[in-house]
**Q** 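Pasting a structure below so you can have a look.
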Amino acid sequence: MDYLPLFAAVKDRPVLVIGGGEIAARKIAFLRRAGAHVQVVARRLEPQLQQLADAQSIHWLATAFDESQLEAVFLVIAATNDSALNRRVFDAANARHRLVNVVDDQPLCSFIFPSIVDRSPLLVAISSGGNAPVLARLLREKIEALLPGNLGRLAEVAGRWRTRIKAFRRTTDERRRFWETAFRGRFASLMAAGDEPAAEKALEAELTQPGSSGGEIMLVGAGPGDAGLLTLRGLQVIQQADVVFYDHLVSDAVLELVRRDAEKICVGKRAGSHAVAQHDTNRMLVEAAREGKTVVRLKGGDPFIFGRGGEELQAAAAAGIPFQVVPGVTAASGATAYAGIPLTHRDFAQSVTFVTGHYKADSAPFDWSQLAQSRQTLAIYMGTMKAAEISEQLIAHGRDETTPVAVISRGTRVDQHVTTGTLEQLEELAKAAPMPALLVVGEVVGLQRELAWFQHTTATDAFGASVINLA
């Protein structure tokens with residue numbers, strides 16, 4: 001280990017920066033965030049630093065470096081393009097046992113700046129010891145994606161409670177177990193939801209009546225398939241879950257991101273074959289939450305767009321189970337974007353309508369005359385089995401039979417398959433489509449040849465339609 005990792009308290013301490021350019025400005029911004037009293041030595045200051053000096057937010061100490069300037073400072077940073085001056089600063093600081101950093105010159109550094117994930121007061125620092133700073137930055141970006149933005153506030157609230165927790169939990173092991181439960185449970189999720197008063201009540205309940213705060217249900221949209229389309233919040237939640245109930249539409253790539261020791265239960269449904277009845281899914285969600293577990297209900301696409309997520313949360317509400325919702329990228333926007341089909345376009349479609357082809361037998365029929373209007377896009381979920389009826393009714397109510405259509409199968413996944421044709425061909429196109437599939441009706445489909453971008457090769461099918469096979 002070439003460097004000893006330390007977090008230095010520079011608040012209200014003098015720090016000397018030699019240099020007044022862009023690089024010096026970046027370091028000064030970093031120091032000011034930590035509360036340092038910044039002194040600058042430079043012939044001239046770049047405009048941003050000049051403004052800070054004019055506002056007395058930094059002190060422009062001198063225009064030339066002198067070794068005496070090192071006597072009363074805590075840290076020294078040299079950020080000039082004068083290698084001789086940088087060397088002189090390093091030697092003088094080193095002789096006085098001052099920690100010194102010469103920017104981008106690792107041999108002339110007794111300390112280095114790590115890449116930092118800032119969730120103050122929680123900080124994560126990553127360093128390659130000056131060998132590969134870009135690699136350290138890339139690692140920081142990955143960690144940034146995993147750590148919720150509210151962690152700092154979470155740490156501050158926990159800090160206020162430490163003394164009280166010690167009074168109730170006398171041993172280190174007891175306190176550790178308490179905080180592990182709190183940071184994985186209702187307290188943490190309420191903080192993430194921005195409800196700090198309720199979060200502190202949950203902390204109080206866990207302290208005085210362990211286990212009384214119970215579990216909760218997190219309804220999460222997994223997106224249309226590509227794991228890269230899972231939201232950051234969705235990723236954070238599935239990595240905190242005790243148990244995950246998921247659908248068949250959730251891709252294996254997304255399931256791979258679930259917390260490794262979480263229990264995973266498939267409650268998915270396929271057309272014509274209901275693996276788990278909806279009322280049984282509702283019951284299992286409630287029962288798991290009543291056991292004090294963090295329950296994630298992971299649904300393909302967005303859970304509130306033809307995903308019956310509302311019904312499941314109604315069951316949770318009726319049972320008195322707390323819940324949260326993490327939206328997802330719905331299939332209509334994700335699959336069409338990957339297929340190169342804009343849902344709206346000034347020249348072709350001024351509106352888009354999401355429709356389900358799978359509806360309750362006793363529900364009101366579609367307003368076909370409204371759906372058949374031109375210059376709008378129809379995105380039809382679960383419509384392949386009713387493709388013939390959809391085509392027939394739209395044409396009968398005025399939509400031109402030559403209106404472009406697309407059938408997008410397994411949208412956004414590596415095996416995505418897109419077939420395009422006309423409205424009169426929709427039944428034949430849907431019959432040949434792998435499942436699951438989205439039907440798109442509208443003039444915007446005509447842009448697909450021009451805008452398709454996701455790994456593709458084109459061909460022509462028996463109906464004269466463009467086919468895109470993705471592999």
**Q** Which residues satisfy the side-chain contact (heavy atoms from CB on, under 4.5 Å) test with Ser127, sequence neighbours excluded?
**A** Ile112, Pro114

**Q** If we ignore hydrogens and angles and just use 3.5 Å, is the side chain of Ser351 paired with the main-chain N or O of Gln376 as donor and acceptor?
**A** no

**Q** Relative to Phe245, does Arg297 satisfy both conditions: NZ or CZ under 6.0 angstrom from the six-membered ring centre, and within 45 degrees of the ring's axis?
**A** no

**Q** Just wondering, do Ile116 and Arg140 contact through their side chains at under 4.5 Å, heavy atoms?
**A** no

**Q** Indicate the atoms forming the closest heavy-atom contact of Val286 with Ala316, along with that distance.
**A** CG2-CA, 4.3 Å

**Q** Ignoring hydrogens and angles, tell me if any N or O in the side chain of Arg169 forms a donor-acceptor pair with the backbone of Leu207 under 3.5 Å.
**A** yes

**Q** Specify the closest pair of heavy atoms between Leu298 and Ala222, including all atoms of both residues, with the distance to one decimal.
**A** CD1-CB, 3.8 Å

**Q** Please determine, by modelled atom types, if Thr171 and Asp173 share a side-chain donor-acceptor pair under 3.5 angstrom.
**A** no

**Q** May I ask you to check whether over 12 heavy atoms, not counting those of Lys201, lie within 6.0 Å of atom NZ?
**A** no

**Q** Decide if atom CD of Glu180 counts as having more than 12 heavy atoms of other residues, nucleotides or ligands within a radius under 6.0 Å.
**A** yes

**Q** Any carboxylate oxygen within less than 4.0 angstrom of a Lys/Arg side-chain nitrogen, looking at Glu156 and Arg160?
**A** no

**Q** If you look at every heavy atom in Met435 and Ala430, which pair is closest and at what distance?
**A** CE-O, 4.5 Å

**Q** Inspect the contact between Arg170 and Glu174 and indicate whether a charged nitrogen and a carboxylate oxygen are less than 4.0 angstrom apart.
**A** no

**Q** Using salt bridge (charged side-chain N to carboxylate O under 4.0 Å, His left out), reason through Glu141 and Arg137 one step at a time and then give a plain yes or no.
**A** CA-CA 6 Å; Glu141 291 172 0; Arg137 177 177 59 80; 2.8 Å; yes

**Q** Applying side-chain hydrogen bond (donor to acceptor under 3.5 Å, both in side chains), can you list everything that pairs with Glu311, at least two apart in sequence or on another chain?
**A** Arg308

**Q** Taking the side chain as every heavy atom from C-beta outward, state whether Thr353 and Leu371 have any pair of such atoms under 4.5 Å apart.
**A** yes

**Q** Any carboxylate oxygen within less than 4.0 angstrom of a Lys/Arg side-chain nitrogen, looking at Glu312 and Lys299?
**A** yes

**Q** I'd like to know if Arg283 and Glu287 make a salt bridge, using a cut-off of under 4.0 Å between side-chain N and carboxylate O.
**A** yes

**Q** Is the number of heavy atoms from other residues, nucleotides or ligands under 6.0 Å of Asp280 CG greater than 12?
**A** yes

**Q** Look up atom CG in Leu313 and atom CD1 in Ile321, then write down how far apart they are to the nearest 0.5 Å.
**A** 12.0 Å

**Q** Would you mind checking if Asp242 and Arg259 are paired as a salt bridge, meaning a charged N to carboxylate O distance below 4.0 Å?
**A** yes

**Q** Once rounded to the nearest 0.5 Å, what's the spacing between atom CG of Leu232 and atom CD of Glu144?
**A** 10.0 Å

**Q** If every non-hydrogen atom of Leu451 is compared with every non-hydrogen atom of Pro342, which pair is closest and at what distance?
**A** CD1-CD, 3.8 Å

**Q** Taking only residues at least two apart or on different chains, which pairs with a member in residues 2-11 satisfy salt bridge (charged side-chain N to carboxylate O under 4.0 Å, His left out)?
**A** none

**Q** With heavy-atom distances below 4.5 Å as the criterion, would you say the side chains of Ile408 and Thr336 are in contact?
**A** yes

**Q** Would you confirm whether Asp247, through its side chain, and Val250, through its main-chain N or O, come within 3.5 Å as a donor-acceptor pair?
**A** no

**Q** As an exercise, state the distance from CZ of Phe113 to CG of Leu31, rounded to the nearest 0.5 Å.
**A** 5.0 Å

**Q** Does a side-chain heavy-atom distance below 4.5 Å link Leu255 with Ser251?
**A** no

**Q** Test your reading of the model: is there a side-chain donor-acceptor pair from Arg175 to the backbone of Ile165, 3.5 Å cut-off?
**A** no

**Q** Drop me the distance from Leu75's CG to Asn101's CG, to the nearest 0.5 angstrom.
**A** 9.5 Å

**Q** Please check: side-chain N/O of Thr231 versus main-chain N/O of Gly234, any donor-acceptor pairing under 3.5 Å?
**A** yes

**Q** Measuring only between side-chain heavy atoms, which start at C-beta, is Leu229 closer than 4.5 Å to Tyr338?
**A** yes

**Q** Donor-acceptor pair, Ser128 side chain versus Ala136 backbone, under 3.5 Å?
**A** no

**Q** In sequence, state the C-alpha distance, the side-chain angles, and the governing distance for Ser57 and Arg32, and then conclude on side chain to side chain contact (heavy atoms under 4.5 Å, CB included).
**A** CA-CA 9 Å; Ser57 297; Arg32 292 184 65 238; 3.7 Å; yes

**Q** So, taking the atom named NE2 in His417 and the one named CG in Asp415, what distance separates them when rounded to the nearest 0.5 Å?
**A** 10.5 Å

**Q** Side chain to side chain contact (heavy atoms under 4.5 Å, CB included) for Val407 and Val418? Distances and angles first, verdict last.
**A** CA-CA 6 Å; Val407 181; Val418 182; over 6 Å; no

**Q** Under 4.0 Å between a Lys/Arg side-chain N and an Asp/Glu carboxylate O for Glu204 and Arg164?
**A** yes

**Q** Between Val76 and Val17, is there a side-chain heavy-atom distance shorter than 4.5 Å?
**A** no

**Q** Would you find a donor on one side and an acceptor on the other, under 3.5 Å apart, between the side chain of Glu46 and the backbone of Gln48?
**A** yes

**Q** Taking the side chain as every heavy atom from C-beta outward, state whether Leu438 and Ile380 have any atom pair closer than 4.5 Å.
**A** no

**Q** Which heavy-atom pair separates Ala288 from Val295 by the least distance, and what is that distance?
**A** CB-CG2, 3.6 Å

**Q** Look at the aromatic rings of His345 and Phe348 and report parallel, tilted or perpendicular, splitting at 30° and 60°.
**A** tilted

**Q** Is it true that Glu200 and Trp161 share a donor-acceptor pair across their side chains at a distance under 3.5 Å?
**A** yes

**Q** Could you go through Gln324 and Leu219, starting from their C-alpha distance and side-chain angles, then the distance that decides it, and tell me whether this counts as side chain to side chain contact (heavy atoms under 4.5 Å, CB included)?
**A** CA-CA 6 Å; Gln324 294 185 31; Leu219 184 62; over 6 Å; no

**Q** How long is the gap from NZ on Lys431 to CG on Leu426, to the nearest 0.5 Å?
**A** 11.0 Å

**Q** Would you please classify the geometry between the Trp179 ring and the Phe183 ring as parallel, tilted or perpendicular, with 30° and 60° separating the classes?
**A** parallel

**Q** A side-chain contact here means heavy atoms from C-beta on lying under 4.5 Å apart; do Gln239 and Val258 qualify?
**A** no

**Q** Verify side chain to side chain contact (heavy atoms under 4.5 Å, CB included) between Arg33 and Asp118, making sure each step is shown before the conclusion.
**A** CA-CA 11 Å; Arg33 281 170 58 190; Asp118 187 358; 2.4 Å; yes

**Q** Between Gln416 (side chain only) and Thr412 (backbone N and O only), is there a donor and an acceptor less than 3.5 Å apart?
**A** yes

**Q** Between Arg375 and Gln350, do the side chains contain an N or O donor and an N or O acceptor separated by less than 3.5 Å?
**A** yes

**Q** Please give me the minimum heavy-atom distance between Ala372 and Leu394, naming the atom from each residue.
**A** CB-O, 3.6 Å

**Q** Given 3.5 Å as the limit, does a donor-acceptor pair link the side chain of Asp195 with the main chain of Ala198, or not?
**A** yes

